[in-house]
Structures are given as structure tokens and as C-alpha cells.
Undergrad: 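Here it is: the structure, laid out below.
Heavy-atom basis, side chains included; hydrogens, waters and symmetry copies ignored.
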Amino acid sequence: MTYQYTPKGVCSRYMEFSVENGKITDVVIKGGCNGNLKGICALVKGMDVDDVINKLKDIKCGFKDTSCPAQLAIALTQYKNEKEE
């Protein structure tokens, strides 16, 4: 299943990811720090959704209360909550 998310409070503008059997199979993040986000996308592919949420949820960017990785964790959490409904 492919899920789309609009991040809030960060430089990235769009996130899209796919999940199969609880594992992330693809991630695309538009906007933000291109190299860093490509690295994050590559690192989380194949990982369990819950593991990614736990690792990324509390990351901050500078003086912001959130970050692109934390926004990805929020997107994954929303995906899980919608899936359970």
C-alpha cells in the first residue's frame, strides 16, 4: 500500500512510502536537504515500520520541535492508525 503525507514544520514538502507485510518497501521525500533525505530513504527501506518510528520520532532539526525524520515517523504512525481502523 502506498501512503502520502504532507510534513509540517520542516523544509520537506511531500512524503510517500509503501509498506508490505509491516516493512517499508519504498520512500520518496521531496524538498528539504536532498542528500540527507535520500540517505534516510535508503536506510529505512526494508525496515520494520515500528522500528523506524521508534528510531526517528524524537529527532529535532536545529531549534525546531520536529525534523524530516520525525515527520516520517508521524506519517508512519498515521498509516498504522488508519490501517487498524
Side-chain angles (χ1 to χ4, degrees):
M1 171 180 194
T2 299
Y3 186 85
Q4 298 173 351
Y5 177 76
T6 302
K8 296 159 189 70
V10 295
C11 298
S12 61
R13 299 289 174 240
Y14 173 82
M15 296 181 175
E16 182 178 288
F17 57 90
S18 300
V19 177
E20 289 182 23
N21 300 319
K23 304 247 186 238
I24 298 170
T25 58
D26 192 37
V27 183
V28 174
I29 301 175
K30 300 288 185 180
C33 304
N34 188 35
N36 290 335
L37 294 175
K38 283 181 182 176
I40 290 167
C41 292
L43 288 170
V44 302
K45 282 184 189 174
M47 287 183 66
D48 182 78
V49 169
D50 290 324
D51 290 341
V52 173
I53 292 169
N54 289 328
K55 287 184 183 220
L56 302 182
K57 66 181 178 181
D58 295 323
I59 294 175
K60 308 285 188 246
C61 182
F63 296 106
K64 297 177 184 177
D65 289 332
T66 190
S67 66
C68 293
Q71 289 293 300
L72 179 57
I74 290 169
L76 290 166
T77 301
Q78 286 185 5
Y79 157 78
K80 281 185 57 179
N81 291 340
E82 288 178 14
K83 184 180 169 209
E84 292 172 3
E85 292 178 355

Undergrad: A quick test of your reading: do over 12 heavy atoms of other residues, nucleotides or ligands sit less than 6.0 Å from CD of E20?
TA: no
Undergrad: Count I, L, V, M, F, W, Y as connected when their side-chain heavy atoms are under 4.5 Å apart, and connections chain through other members. Are L43 and L72 then in the same cluster?
TA: no
Undergrad: Locate the shortest heavy-atom distance separating K57 from A70; write the atom from each residue and the value.
TA: O-CB, 3.7 Å
Undergrad: Can you tell me how far NZ of K55 sits from CG of D48, rounded to the nearest 0.5 angstrom?
TA: 11.0 Å
Undergrad: Are the side chains of S12 and L37 in touch, meaning some heavy atoms are under 4.5 Å apart?
TA: yes
Undergrad: Nearest 0.5 Å, what's the CG-CE distance between L56 and M47?
TA: 7.5 Å
Undergrad: Could you state the interatomic distance from CD1 (I53) to CD1 (I24), rounded to the nearest 0.5 Å?
TA: 8.0 Å
Undergrad: Indicate the atoms forming the closest heavy-atom contact of C68 with M15, along with that distance.
TA: O-CE, 3.4 Å
Undergrad: Do the side chains of Y3 and V19 get nearer than 4.5 Å, heavy atoms only?
TA: no
Undergrad: So, taking the atom named CG in D65 and the one named CG in D58, what distance separates them when rounded to the nearest 0.5 Å?
TA: 11.5 Å
Undergrad: Minimum heavy-atom separation for V49 to K80, with atom names?
TA: CG1-CD, 3.7 Å
Undergrad: Is it the case that the side chain of S67 and the backbone of I59 share a donor-acceptor pair, with hydrogens and angles ignored and the cut-off at 3.5 Å?
TA: yes
Undergrad: Give, for atom CD of Q71 and atom CD of Q78, the distance between the pair rounded to the nearest 0.5 Å.
TA: 9.0 Å
Undergrad: Walk me through it: do E16 and T2 pass the test side chain to side chain contact (heavy atoms under 4.5 Å, CB included)?
TA: CA-CA 7 Å; E16 182 178 288; T2 299; 3.5 Å; yes
Undergrad: If you measure from NZ on K23 to CG on D51, what distance do you get to the nearest 0.5 Å?
TA: 7.0 Å
Undergrad: Would you indicate whether the side-chain heavy atoms of F17 and V44 approach each other to under 4.5 Å?
TA: no
Undergrad: Counting distance only, does the side-chain N/O of S18 pair as donor-acceptor with the main-chain N or O of D26 below 3.5 Å?
TA: no
Undergrad: Quick one: does K30's side chain have a donor or acceptor within less than 3.5 Å of a partner on V28's backbone?
TA: no
Undergrad: Show the nearest heavy-atom pair for residues I40 and P69, with the distance to one decimal.
TA: CD1-CG, 3.4 Å
